[in-house]
Amino acid sequence: MKNNSKTIHDIKLIIGDKYVITNKWAKQPFSEGWRYGGGEVLAVVKPGKLLELWKVLNICHDADTCVIMQAANTGLTGGSTPYGSDYDRSIIIINTLRINSIHVIKEGNQIVAQPGSSLYDLENKLKQYNKEPHSVIGSTSIGASIVGGVCNNSGGSLVHRGPAYTEFAIYARVNHNDKLELINELGINLGTEPEEILDNLEKNNYDSSNFTKSNKLGSDNKYGEIVREIDENSPARYNSDKRLLYGASGSAGKVAVFALRLDTYEAPNKSKVFYVGSNDPNDFSKIRRDILKNFKELPRLGDYMHRDCYDAAKKYSKDTFIVIEKLGTNFLPYLFEFKRIIDIIAKKVKFLPEKFSDKLMQFLSNFWPNHLPKKMESFRNSYTHHWIIEMTNDGIDEAESYFKDFFKDKEGDFFICNSHEGKKAMLHRYVSASAIGRYQALNKKNIGDMMSLDIAFPRNEKNWLETLPKEIDDQLELKFYYGHLFCHVFHHNYILKKGVDGKKLKEKLLKIYDDMGAEYPAEHNVGHEYLAKPILSNFYKKLDPTNFFNPGVGQTSKNKYWK
């Protein structure tokens with residue numbers, strides 16, 4: 001291994017001192033996960049051009065370090081940060097957010113995204129074409145990157161689109177001969193040598209004559225059929241589905257992606273949000289099956305919240321809701337960075353409490369009036385189970401007619417949101433993911449660990465609402481349930497009672513899911529929180545035989561050559 005100081009010096013010659021972070025406190029926002037994981041790194045490196053990224057990778061490879069690729073660092077399972085200190089090599093994080101160009105091609109039907117480009121920017125760029133990216137809600141709100149979504153098999157909440165996927169990519173990998181190589185599978189002729197390829201890509205120096213004929217896919221073209229197969233005993237989407245492991249797709253950072261080529265989607269002419277409430281989960285099972293089986297047009301989305309989760313989000317995610325509503329989603333990554341900096345400063349000042357930023361923001365949120373519409377609040381008081389369903393185009397009339405008939409003899413009800421209510425309903429659901437973290441930060445002294453599980457139930461499972469054995473339930477302080485009901489993908493967030501062994505409890509929970517035929521994780525990457533199943537770990541080893549990139553992901557070996 002080269003001397004670490006020489007490695008840093010060589011990288012600084014390529015990208016400049018300003019973009020090589022070695023100070024302990026300055027590295028922390030990049031080396032600690034948003035909600036999970038963290039560890040020591042030699043440096044955080046922020047190249048600004050594709051060719052700089054290629055040169056930095058060569059330096060790291062020659063120096064026998066390992067590399068973790070990172071964009072927005074908004075993952076929930078620690079997949080873009082180190083975990084622990086038991087690595088056999090120094091770690092360099094390469095943060096790609098400065099390399100953020102997006103090229104719109106084929107008259108808006110496809111795009112080419114560089115590694116730091118965000119879904120938020122893509123959504124705005126496609127508006128003039130009346131097109132949309134794969135994901136327009138959730139990941140967009142937290143500044144997530146396009147490349148990160150594809151590498152992590154991110155599911156997305158849009159019912160008819162399925163996991164983020166493409167077979168078109170340019171990426172760097174270390175092959176079996178321990179040689180760093182650039183692979184061009186973008187379907188665009190950009191030259192032969194890495195420097196030429198990356199220069200042409202950077203400068204958008206290509207046109208339709210450079211496209212090669214290909215049968216490769218720029219998106220998952222099967223999911224709309226798969227999700228409708230409601231009697232199948234396997235999940236609709238999950239992280240280790242071999243159908244969707246290809247090159248960069250599902251790679252979990254085991255390659256360094258320089259660009260992806262992805263399909264876009266027609267934006268709907270019109271849409272309406274239906275807010276549905278019931279006290280009987282069997283009502284929702286019946287609605288799900290009826291819509292997926294009989295409706296001509298699939299819903300755009302269908303997100304479930306339990307009333308307990310509704311209440312937690314109202315109280316503990318209020319500040320995040322207000323920031324997005326008032327300042328826009330593009331401000332949220334800056335908020336996360338600000339929070340991290342505040343917490344780093346608080347650690348240095350003895351009289352400031354741990355998780356100071358959460359405590360400060362929660363205190364300030366108490367001064368803001370109720371931010372939720374009256375109709376939603378009325379449904380909260382009447383119903384335990386809440387379902388936000390967005391329909392588009394002809395599906396709007398189809399849904400309205402169905403719900404009117406369905407609730408003629410049922411205790412539940414629905415209402416059609418106006419534009420204001422619809423935006424608030426969806427935003428309330430998406431900020432709910434942060435509620436459990438805030439609750440834990442505020443009550444850490446009196447409660448146990450936080451546990452978040454991402455589960456895909458079989459498509460024919462009717463008992464989707466969890467009923468836990470008393471032995472397990474007695475160990476839980478709180479349970480928050482939400483998820484994508486049409487896809488049967490659910491997020492189970494738990495706060496354990498103080499003193500409960502989280503590892504043992506998690507094993508018992510996962511055994512229950514195994515017995516049901518469920519898969520996990522469903523749409524989050526395995527990160528360092530989940531064990532990569534053999535299909536996934538073998539895919540990683542094939543992509544990265546020397547274990548140069550993101551070692552340890554999926555609880556695999558952190559050592560060179562997977563020793």
Fill in the blank from the handout: side-chain contact (heavy atoms from CB on, under 4.5 Å) test vs T320 passes for just one of S434, S432, S365, namely S434
I'd like to know if the side chain of [X] reaches the main chain of [Y], judged simply by a donor and an acceptor atom lying under 3.5 Å from each other, with no hydrogens or angles considered.
| X | Y | answer |
| --- | --- | --- |
| N210 | D207 | yes |
| N95 | A71 | yes |
| N23 | A26 | yes |
| T264 | G108 | yes |
| Y540 | G554 | no |
| N200 | L190 | yes |
| Q70 | S80 | yes |
| N73 | E32 | yes |
| H524 | N239 | no |
| S145 | G116 | no |

Exercise for the section: Check whether the ring centres of H528 and Y36 lie less than 6.0 Å apart, and answer yes or no. Expected result: no
Exercise for the section: Tell me whether the guanidinium CZ or amine NZ of K46 lies under 6.0 angstrom from the six-membered ring centre of Y19 and within 45° of its axis. Expected result: no
Handout entry: Test: K560 cationic atom under 6.0 Å from Y87 six-membered ring centre, within 45° of axis
Key = no
Partners passing side-chain contact (heavy atoms from CB on, under 4.5 Å) against [X] (at least two apart in sequence or in another chain):
| X | answer |
| --- | --- |
| K106 | N109, Q110, F211, R261 |
| E195 | L51, W54, E193 |
| K125 | I102, V104 |

NZ/NE/NH1/NH2 to OD/OE distance under 4.0 Å, [X] and [Y]:
| X | Y | value |
| --- | --- | --- |
| E202 | K49 | no |
| E325 | K423 | no |
| D319 | R438 | yes |
| E167 | K216 | no |

Exercise for the section: Find out whether D199 and K203 are in side-chain contact, i.e. whether some heavy atom of one side chain is under 4.5 Å from a heavy atom of the other. Expected result: yes
Taking atom [atom1] of [X] as the centre, report whether more than 12 heavy atoms of other residues, nucleotides or ligands fall under 6.0 Å from it.
| X | atom1 | result |
| --- | --- | --- |
| K355 | NZ | no |
| Y83 | OH | no |
| K424 | NZ | yes |

Could you verify whether a donor N or O on one side chain and an acceptor N or O on the other, from [X] and [Y], lie under 3.5 Å apart?
| X | Y | answer |
| --- | --- | --- |
| N547 | K254 | yes |
| H160 | Y265 | no |
| S85 | E40 | no |

Completion exercise
Tightest non-hydrogen contact, residues K563 and N559, listed as O-ND2, 3.1 Å
Practice task
Search all heavy atoms of I455 against all heavy atoms of A522 and return the closest pair with its distance.
Solution key: C-CB, 3.8 Å
Problem - Spacing of NZ belonging to K6 relative to CG belonging to N4, to within rounding of 0.5 Å - result: 12.0 Å
